[in-house]
Amino acid sequence: MSAPRKVEVTGESGYSIEIGPGLLADGARLGKPLRGRHALIVSDGNVAPLYLDGVVAALAEARPGLQLARFVIPPGEHEKTLERFTQCLHALSELGATRDATVIALGGGVVGDLAGFAAACWMRGIDCVQLPTTLLAMVDSSVGGKTAVDLPSGKNLVGAFHPPRAVVADTAALRSLPERELRAGLAEVVKYGAIFDAGFLDWLDSHADALLARDGDALAEAIARSCAFKADVVARDPFERGDRAMLNFGHTFGHAIETEQGYAGTSGDGLNHGEAVAVGMVLAARLSAALGRSSGADADRLQRLLERLGLPVRIPAGLEPQALLARMRLDKKADAAGLRFILWDRAGAARIVSGVPDEQVLAVLAAG
Ligand code: GLY
């Protein structure tokens, strides 16, 4: 087995991201970041049957004195609630978790966000180790310390910045990932190329077939490069006061689509997050071109790459431009100055633009 790839997030609360096949069975590696005698593993009903016993066994062998407990939630975004968060805190209380305890998040973005938020709040903050099992979690949500739960009125409205102590991404877990989730994760991978590096878009284009075929080396390379982009921006701007907001490329449009569909992607009827971001990125690229900031050819090229990766690139039928615009106004990325978008100067170079006129946005939505 080749050595895992390693990406460092630098800064005061720096940490390592390790990426490679079989890491969930490596108890010594999983146990290394644990400082105390207690660990609570948080997972969900899809992931726990596949990996939880193995992780517990590996950790128990490597760290015989460790007191381990499990907290398993049903799968799905609708479980990322204050109620589950409270239950997670009770699980920590029952474990007798002390200030040197660790919460281990084993799963996708929902588990990572919930577990991370519980770790951020228990005794004013304990360690969290992220063990992402979806591509989306490996390249985005497990890195950077955003943690949250949803309220009925909106996603991620209650949360905290709480950097993990370590991230260990076992790429073998991607072999069992449903096809649609793999593609959704690839949308976030494309995003890094779109905002930071046109050369990475070329690399993705030439490796699209390998990525869709789940070639281990291609996936590990795509994850490591994505994490390196994210690590760099997070180290510069951990609390999203500036450049980190560029990671929201495609998200203003994407969130509006997801919200307008009532997050139906989680039940299979609408677009999921990655799919909505794919459509949103094409719309953001088209808006950039409409405002004369970038070329329409760049937007066409992005659209073709996303299509090659099996992602949607058009607004789903039945969603009205005016309704989507109204959703965008309520998005937490809107500010007092009005609608704010991440737009292109060209492929691989994005910037934050405020005060975009409604008519231009509506024209792009109507064409999209
Ligand atoms: N998912 C965007 C960020 O972590 O900032």
Side-chain angles (χ1 to χ4, degrees), residues 7-11 13-15 17 77 80 105 107-117 119-120 128 130 132 134-150 154-167 169 181 184-197 200 222-259 263 265 271-281 284 331-335 340-343 350-352:
V7 176
E8 299 290 342
V9 181
T10 56
S13 311
Y15 49 95
I17 307 161
E77 176 78 32
K80 215 174 88 175
V110 169
V111 163
D113 281 9
L114 176 77
F117 188 41
C128 181
Q130 293 278 349
T134 66
L135 182 58
L136 204 133
M138 289 180 193
V139 298
D140 186 18
S141 55
S142 69
V143 177
K146 280 191 180 176
T147 73
V149 294
D150 302 336
K155 265 180 79 160
N156 296 330
L157 287 181
V158 186
F161 284 100
H162 186 63
R165 180 156 167 83
V167 181
E181 282 196 50
L186 288 172
E188 295 281 356
V189 173
V190 169
K191 182 188 77 179
Y192 291 109
I195 55 181
F196 292 128
D197 182 0
F200 187 43
I223 296 164
R225 287 173 76 161
S226 299
C227 287
F229 287 121
K230 181 145 188 186
D232 182 52
V233 75
V234 161
R236 279 188 278 123
D237 180 19
F239 301 112
E240 198 170 310
R241 298 200 174 111
D243 278 4
R244 181 168 179 170
M246 286 203 291
L247 298 178
N248 295 324
F249 183 63
H251 284 58
T252 304
F253 286 113
H255 277 166
I257 293 170
E258 280 184 280
T259 320
Y263 294 96
L271 299 189
N272 63 30
H273 178 68
E275 292 166 341
V277 166
V279 177
M281 288 193 289
D331 193 290
K332 62 183 186 311
K333 288 184 284 301
D335 57 24
R340 197 167 65 123
F341 288 90
I342 315 305
L343 297 177
R351 73 172 66 218
I352 304 161

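Only heavy atoms go into these numbers, but all of them, side chains included; no hydrogens, no water, no symmetry mates. Throughout, residue positions are numbered sequentially from 1 according to the sequence presented. What you see is a predicted model, and the numbers here were worked out from it, not measured in a lab. Atoms within a ligand are numbered from 1 in the order they appear, just like the ligands themselves.
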> Is a donor on one side and an acceptor on the other found under 3.5 Å between the side chain of Lys191 and the backbone of Gly250?
Replying inline: no
> Quick one: nearest non-hydrogen protein atom to atom 4 (O) of ligand 1, plus distance?
Replying inline: Lys230 NZ, 2.6 Å
>> Quick test: of every protein heavy atom, which one is nearest to atom 5 (O) of ligand 1, and how far off is it to 0.1 Å?
In response: Arg244 NE, 2.8 Å
Would you mind listing which atoms of ligand 1 come within a distance below 4.0 Å of any non-hydrogen atom of [X]?
| X | value |
| --- | --- |
| Lys146 | 2 (C), 3 (C), 4 (O), 5 (O) |
| Glu240 | 5 (O) |
| Asp140 | 1 (N), 2 (C), 4 (O) |

>> Below 30° counts as parallel, above 60° as perpendicular, anything between as tilted: where do the rings of Phe229 and Tyr192 land?
In response: parallel
>> Could you check whether any side-chain heavy atom of Glu275 comes within less than 4.5 Å of a side-chain heavy atom of Val279, counting everything from C-beta outward?
In response: no
>> Are more than 12 heavy atoms, taken from residues, nucleotides or ligands other than Arg244, located less than 6.0 Å from that residue's CZ atom?
In response: yes
> Once you round to the nearest 0.5 Å, how far does CD of Glu188 lie from CG of Asp140?
Replying inline: 4.5 Å
